[in-house]
Amino acid sequence: MSQLLRVQNFTVSSDGIAAGENQSFESPFGLDHGDLLAWAGATASWPNRTEPGGSRGLDDYFARDFAHNIGAEIMGRNKFGPQRGPWTDHEWLGWWGDEPPFHTPVFVMTHYERPSFTLGDTTFHFIGGDPATVLEQAKKAADGKDVRLGGGVTTVKEFLDTDLVDTLHVVVSPVTFGSGLRLWESPDELLDRFHLDVVPSPSGVTHHLFWRK
């Protein structure tokens with residue numbers, strides 16, 4: 001079976017917004033995103049959980065599946081950090097501390113390359129190129145496993161526009177932001193290329209599962 005490019009646990013508001021336009025060190029998503037990601041943080045399998053407990057069931061199933069058969073991740077530069085333009089220093093090592101939750105090679109798409117580095121068992125590579133070229137490198141590094149497309153929203157849309165995404169799991173949270181970086185006006189926009197199952201969760205979010213036709 002060929003390697004897949006998968007979007008997983010990507011969360012948007014009820015009006016399709018995944019991030020704001022005012023990203024900063026204090027606000028990685030550029031908006032008040034606490035309610036947006038509350039479904040994931042409440043699960044027993046949330047990778048950032050520091051105390052025992054958390055919910056089981058549907059939401060936890062998707063949180064637990066995050067790393068299944070993933071051999072590499074692709075992300076945009078502004079998922080890695082809030083900096084713009086040339087790197088002024090190399091001290092910034094991402095939002096995730098000494099043990100990032102990826103545990104694979106991560107390919108950060110950027111016009112301004114910098115040396116690779118490793119934290120725990122995650123190695124970050126900073127590369128330029130079009131989506132197809134970056135995906136080719138990530139698939140080689142994934143060693144036969146699938147590649148996760150981690151975001152942010154601009155990067156996900158770029159890969160959708162070039163028809164490289166095989167499956168998407170998008171979580172719609174019952175919050176509204178009104179403005180920001182929008183994945184879609186409606187999930188129906190993707191139905192020309194993807195099948196769709198919609199699965200409501202008792203937590204109040206709705207899981208949208210897309211797979212290529």
Side-chain angles (χ1 to χ4, degrees), residues 1-12 16-19 21 23 29 65-87 94-96 100-119 121-171 180-197 208-213:
M1 182 178 294
S2 61
Q3 293 170 277
L4 301 178
L5 180 63
R6 297 158 52 189
V7 176
Q8 296 176 275
N9 296 348
F10 193 80
T11 307
V12 302
I17 293 169
E21 297 176 345
Q23 186 189 42
F29 286 79
D65 194 51
F66 179 73
H68 178 68
N69 199 44
I70 294 294
E73 165 145 344
I74 297 169
M75 68 173 64
R77 175 171 173 176
N78 295 128
K79 179 177 176 179
F80 177 78
Q83 302 90 342
R84 305 294 192 272
W87 299 96
W95 308 102
W96 304 281
F102 308 106
H103 312 295
T104 67
V106 174
F107 293 85
V108 181
M109 296 179 66
T110 174
H111 296 296
Y112 301 95
E113 299 181 17
R114 59 177 276 185
S116 301
F117 66 87
T118 300
L119 289 173
D121 54 3
T122 298
T123 299
F124 291 91
H125 305 284
F126 300 83
I127 61 173
D130 60 88
T133 300
V134 173
L135 179 58
E136 181 180 0
Q137 294 183 60
K139 283 185 173 181
K140 288 180 180 178
D143 195 25
K145 293 184 178 181
D146 295 338
V147 176
R148 183 194 302 113
L149 180 59
V153 62
T154 301
T155 301
V156 171
K157 292 181 70 173
E158 187 176 6
F159 278 80
L160 283 170
D161 289 345
T162 50
D163 200 26
L164 293 172
V165 177
D166 296 298
T167 68
L168 299 89
H169 167 225
V170 179
V171 186
L181 301 179
R182 195 180 304 271
L183 178 64
W184 59 39
E185 295 290 342
S186 165
D188 292 348
E189 296 169 15
L190 301 181
L191 295 184
D192 60 330
R193 289 173 285 161
F194 294 94
H195 302 284
L196 169 62
D197 276 347
H208 288 65
L209 306 174
F210 299 86
W211 68 100
R212 184 185 292 273
K213 289 182 176 179

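Side chains included, hydrogens not; waters and symmetry mates left out as well; all remaining heavy atoms used. Treat the numbers as computed from the prediction; the structure is a model and nothing was measured. We number each residue from 1, following the sequence as shown.
Contact check for Leu160 versus Glu189: no side-chain heavy atoms found under the 4.5 Å cut-off. At a threshold of 4.5 Å between non-hydrogen side-chain atoms, the residues Leu190 and Leu196 do not count as touching. For the pair Phe159 and Met109, the minimum side-chain heavy-atom distance is below 4.5 Å. Between Leu135 and Phe107, the closest side-chain pair of non-hydrogen atoms is not below 4.5 Å. Contact check for Arg212 versus Asp163: side-chain heavy atoms found under the 4.5 Å cut-off. Using a 4.5 Å heavy-atom cutoff, the side chains of His169 and Arg6 are not in contact. For the pair Arg182/Val153, no side-chain contact is recorded, criterion being any heavy-atom separation below 4.5 Å from C-beta on. You'll find the side chain of Phe124 stays beyond 4.5 Å of the side chain of Arg114, heavy atoms only.
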(request) Tell me, with the steps shown, if Gln137 and Ile127 meet side-chain contact (heavy atoms from CB on, under 4.5 Å). (result) CA-CA 10 Å; Gln137 294 183 60; Ile127 61 173; 3.9 Å; yes
(request) Tell me, with the steps shown, if Phe210 and Trp184 meet ring-ring contact (aromatic ring centres under 6.0 Å, His included). (result) CA-CA 14 Å; Phe210 299 86; Trp184 59 39; 5.8 Å; yes
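For the pair Arg148 and Phe102, the cation does not sit on the ring face, since its NZ or CZ is not both under 6.0 Å from the ring centre and inside 45° of the axis.
Note on ring orientation: taking the six-membered ring where Trp is involved, the planes of Phe80 and Trp96 are tilted (angle from 30° to 60°).
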